[in-house]
Amino acid sequence: MTIQTYNTLSGKKEALQTLEPGHVKLYVCGITAYDYCHIGHARSALAFDMIVRYLRYRGYKVTFVRNFTDIDDKIIARAKEQSTTSEELATRFINEFYTDMDALGVDRPDIEPKATEHIKEMTDLISELIAKGMAYQSGNDVYYIVDSFPEYGKLSKRNIEDMKAGARISVNEQKHHPMDFVLWKGSKPGEPTWDSPWGPGRPGWHIECSAMSRKYLGETFDIHGGGQDLIFPHHENEIAQSEGANDKPFVKSWIHHGFVTIRDEKMSKSLGNFLTIRDILAHYHPEILRFFIFSTHYRNPLDFSETAMRDATAGLERLYECVATVDALDAGNGDRQAASILSAKDIKKVAELEKRFQEAMDNDFNTAQAQGVFFDTVKTINRLQGKITPKSAVTDIEFLKNGLATLKKLAAIMGLLREDAQQFLAARKEQLVAASAIDPAAVEALIAERYQCRLDKKWARSDEIRDKLLAQNIELHDGPDGTTWSVNDS
RNA sequence: GGCGGCGUAGCCAAGUGGCCAAGGCAGUGGUCUGCAAAACCAUUAUUCAUCGGUUCGACUCCGAUCGCCGCCUCCA
């Protein structure tokens with residue numbers, strides 16, 4: 001079996017074939033560091049985190065590069081608003097980004113280049129383009145000649161004439177052609193500047209990725225990724241720059257993930273539906289966000305809502321409940337002589353977990369399908385677990401524990417089931433208690449009173465206490481070891 | 001206007017022409033319980049927006065129609 005990935009350039013799923021056997025070179029466009037990251041950034045980071053982990057799990061060596069844009073118009077404008085420097089602002093939000101990524105449990109890429117640390121690589125690349133007649137200086141700026149690259153538009157499937165007809169292109173007196181894009185911007189007074197052959201200025205946005213990917217991954221590499229909104233103009237322009245300068249194919253396969261919407265509206269600050277990662281993590285465990293994001297294929301749109309998060313919470317808790325029950329089994333107490341109660345069908349279902357997971361993930365990283373495989377397996381494990389007693393066959397207990405171990409290993413590729421099950425379920429409760437006006441001590445007191453009532457068979461008072469607590473969204477669970485309680489958030 | 005994508009049960013969501021159209025949430029029935037709740041088990045689409053076409057056979061391929069979304073300006 002080979003891994004199939006959807007390539008935006010060809011518009012088809014293709015078998016992964018690396019330039020260097022067994023080694024995937026991956027470049028992903030990272031953030032522009034001028035604000036806190038939102039849930040869309042989280043989807044991007046989590047999608048590629050999953051992809052890298054899966055490729056490594058499948059035996060590939062992966063060199064993963066993700067850049068930081070730490071100089072651009074938005075950074076300059078925001079720094080001015082806050083009366084600080086671009087450098088300070090960018091550094092601050094890169095640190096905030098790391099805080100969010102750490103909270104989400106996202107692994108660091110191998111290389112995280114910053115634009116401002118690669119000015120020389122960028123000016124070299126621009127000089128090459130000028131020397132080849134593919135760029136020109138105009139005033140203090142340098143522009144790319146879109147007409148010099150015949151394949152311009154091949155990624156976004158559009159042509160230059162259609163785009164001019166779109167008539168949304170900003171008028172700029174400096175450009176010879178309206179579609180030409182800036183490689184180098186002459187600086188205005190008070191802006192950060194670097195020296196260049198064209199005078200003091202700063203790089204355009206697209207050139208950094210061409211320059212830094214070439215430095216760290218070479219002129220041609222395997223996979224380039226980012227959000228679908230980057231297809232045009234950013235990635236189209238990267239192709240024009242890199243292939244124009246190198247005369248070699250830039251990237252073999254492009255991976256673009258879909259957007260996150262909020263209650264079916266695109267996130268935007270003007271609509272007031274802009275949710276940052278930390279907003280969400282204040283209410284939900286990071287694994288719930290991961291579970292939610294991976295419940296849809298990465299290329300499809302994903303709609304964030306309270307309902308969707310509640311569904312995700314219920315689903316993830318179902319997985320953790322299974323883990324918790326199997327964790328509680330102890331093979332050491334089993335009977336070495338007892339016959340197995342496992343049917344061939346049950347054994348097959350659990351044994352095929354890993355194979356079915358790989359089939360799903362090999363199919364363009366279909367995490368939604370893979371989650372389905374998890375649940376299907378959990379259903380079998382739960383059913384068997386219900387039949388297991390402390391005196392069951394040791395081999396049966398070990399079989400379930402092994403199945404669970406495999407499940408945890410595979411779920412970890414999506415960053416799921418990494419917590420201790422009991423702790424996860426308990427943490428959920430604590431979070432809900434903290435978010436409510438519930439006094440745990442008062443609840444415990446009522447439970448104690450109810451316990452005595454039940455011993456005395458005073459069912460009326462016992463049920464009254466239960467109903468009273470339920471009115472506060474507190475659910476009681478009577479078990480053999482006493483009564484526990486949880487908060488119902490729906 | 002140009003380009004791209006989507007429309008599968010109450011909701012979410014897989015499905016790379018052919019065994020009963022995965023899975024989750026909610027619902028329903030059960031096990032458990034003093035009664036419940038929680039948990040677990042079982043169950044829930046003669047049908048895949050509509051209409052045609054290709055094929056022995058289509059949710060899957062092609063065309064048209066309707067509806068929704070994204071990009072074309074910074075954007076994950």
Side-chain angles (χ1 to χ4, degrees), chain A residues 4 8 11-13 28-32 34 37-48 72-74 77 153 156-159 161-170 205 225-234 236 256-261 264-268 291-292 295-297 299-303 305 307-308 310-319 321-322 324-325 356 359-360 362-364 366-379 382-383 385-387 454 457-459 462-463 466-467 469-470 474-480 483-486 488 490:
Chain A
Q4 304 274 323
T8 309
K12 290 186 298 221
K13 281 183 199 169
V28 173
C29 291
I31 59 159
T32 298
Y34 76 108
C37 287
H38 56 65
I39 182 171
H41 296 111
R43 188 182 197 186
S44 178
L46 291 173
F48 289 107
D72 97 318
D73 291 349
K74 292 189 296 296
S156 54
K157 315 279 193 292
R158 54 189 83 196
N159 64 60
E161 290 310 308
D162 287 344
M163 283 186 277
K164 279 202 298 194
R168 291 176 74 181
I169 299 150
S170 59
W205 175 35
Q228 279 171 355
D229 51 345
L230 297 181
I231 295 171
F232 189 89
H234 185 53
E236 196 69 70
H256 291 101
H257 65 261
F259 293 113
V260 179
T261 56
D264 285 324
E265 285 180 322
K266 185 177 174 180
M267 265 191 298
S268 75
F291 183 94
F292 163 68
S295 67
T296 298
H297 182 82
R299 275 189 290 116
N300 290 341
L302 176 63
D303 190 52
S305 66
T307 309
R310 199 149 46 225
D311 285 358
T313 303
L316 184 59
E317 285 183 345
R318 180 173 165 78
L319 296 181
E321 294 281 359
C322 177
T325 47
R356 293 173 69 207
E359 279 169 6
D362 280 356
N363 181 18
D364 196 25
N366 195 331
T367 53
Q369 195 180 338
Q371 284 188 350
V373 175
F374 292 163
F375 282 110
D376 205 33
T377 307
V378 159
K379 184 183 289 189
N382 277 337
R383 192 162 38 73
Q385 173 274 128
K387 296 184 200 164
R454 294 181 70 215
K457 300 197 190 300
K458 291 177 182 169
W459 307 126
S462 166
D463 292 352
R466 187 173 69 202
D467 293 345
L469 289 171
L470 191 60
I474 295 164
E475 292 173 343
L476 298 186
H477 318 305
D478 295 329
T483 299
T484 60
W485 56 283
S486 68
N488 181 347
S490 58

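Sequence lines set the chain letters: A, B, ... in the order given, protein chains first and strands last, and positions in each chain run from 1.
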Donor-acceptor pair under 3.5 Å: do we get one between A:K387's side chain and the base of B:C41? no
Please check the phosphate of B:A14 (OP1 and OP2 only) for any side-chain N or O of A:N300 closer than 4.0 Å. yes
Which atoms form the tightest heavy-atom contact between A:A308 and A:D303, and what is the distance? CB-O, 3.9 Å
Short question: side chain of A:T377, backbone of A:V373 - any donor-acceptor pair under 3.5 Å? yes
Quick one: is B:C3 close enough that its OP1 or OP2 comes under 4.0 Å of any side-chain N or O from A:N159? no
Nearest-angstrom distance from the residue atom CZ of A:R299 to P of B:G70: 19 Å
So does A:G226 get a backbone contact from the side chain of A:H257, meaning a donor-acceptor N/O pair under 3.5 Å? yes
Once you round it to whole Å, what is the distance between C1' of B:C3 and NZ of A:K157? 10 Å
If I pick the C1' atom on B:U43 and the same atom on B:C25, what distance separates them, to the nearest angstrom? 15 Å
Any strand counts, and the cut-off is 3.5 Å on both contacts for Watson-Crick or G-U wobble. Which nucleotide pairs with B:C71? B:G2
Using purine N1 to pyrimidine N3 plus N6-O4 or O6-N4 for Watson-Crick, or N1-O2 and O6-N3 for G-U wobble, both under 3.5 Å, which nucleotide pairs with B:U28? B:A42
Work out how far the C1' atom of B:U8 is from that of B:A21, and round it to whole angstrom. 8 Å
Atom CG of A:D229 and atom C1' of B:G4: how far apart are they, to the nearest Å? 14 Å
Is any side-chain heavy atom of A:M267 closer than 4.5 Å to a side-chain heavy atom of A:T261? no
Interatomic distance where CD belongs to A:E321 and C1' belongs to B:C41 [whole Å]: 15 Å
Nearest-angstrom distance from the residue atom CG of A:L302 to C1' of B:A13: 11 Å
How is A:R383 classified with respect to the nucleic acid when contacts are heavy atoms under 4.0 Å: base, sugar-phosphate, or nothing? sugar-phosphate
Under 3.5 Å, side chain of A:T325 to main-chain N/O of A:E321, donor-acceptor pair present? yes
Is A:K379 paired with A:D376 through a side-chain N to carboxylate O contact shorter than 4.0 Å? no
Kindly indicate whether the side chain of A:W485, heavy atoms from C-beta on, has any atom under 4.5 Å from the side chain of A:I474. yes
Rounded off to whole Å, could you give me the NZ-to-C1' distance for the A:K12 and B:G5 pair? 18 Å
Would a distance-only check, ignoring hydrogens and angles, find a side-chain to backbone donor-acceptor pair under 3.5 Å from A:S295 to A:F292? yes
With C1' as the reference atom in both, quote the distance from B:G15 to B:G24 in angstrom, rounded to an integer. 16 Å
What's the gap between B:A13 and B:G18 when it is taken at their C1' atoms, as a whole Å value? 24 Å
What's A:G227 touching, base or sugar-phosphate or nothing? Going by heavy atoms closer than 4.0 Å. sugar-phosphate
For A:Y34 and A:E317, find the nucleotide of RNA chain B closest to each by heavy atoms; which residue's nucleotide sits nearer the 5' end? A:E317
Length of the line joining A:D362:CG and B:G15:P, which is rounded to integer Å: 14 Å
How far, in whole Å, is B:U46 from B:C61 if one measures between their P atoms? 23 Å
Which part of the nucleic acid, if any, lies within reach of A:F232 when heavy atoms closer than 4.0 Å are counted: base, sugar-phosphate only, or nothing? sugar-phosphate
Provide the distance between the two C1' atoms, one in B:A9 and one in B:U28, to the nearest whole Å. 15 Å
Hey, does A:L230 reach any base, or is it just sugar-phosphate, or nothing, if we go heavy atoms under 4.0 Å? sugar-phosphate
Side chain to side chain donor-acceptor pair (under 3.5 Å), paired with A:R299, selected from A:D364, A:T8, A:N366: A:D364
Reckon A:H38 touches a base, only the sugar-phosphate, or nothing at all at heavy-atom distances under 4.0 Å? base
Once base and sugar-phosphate atoms are separated, protein heavy atoms under 4.0 Å mark nucleotides 27-37 of chain B, 5' to 3', with B, S and - as -------BBBB
Which letters describe nucleotides 18-25 of chain B, given B = protein heavy atom under 4.0 Å from base, S = only from sugar-phosphate, - = neither? ----BSBS
Parallel under 30°, tilted from 30 to 60°, perpendicular over 60°: which one fits the rings of A:F291 and A:F375? perpendicular
Side-chain N,O (A:N382) to OP1/OP2 (B:A39) below 4.0 Å: no
How far, in whole Å, is B:C56 from B:U65 if one measures between their P atoms? 28 Å
Between A:G11 and A:C322, which has a closest nucleotide on RNA chain B that is more 5'? A:G11
note: A:R43, atom CZ; B:C75, atom C1'; distance rounded to Å ~ 15 Å
Quick check on B:C71: is either OP1 or OP2 less than 4.0 Å from any side-chain nitrogen or oxygen of A:K266? yes
Base, sugar-phosphate, or nothing: which does A:K13 touch, judged by heavy atoms less than 4.0 Å apart? nothing
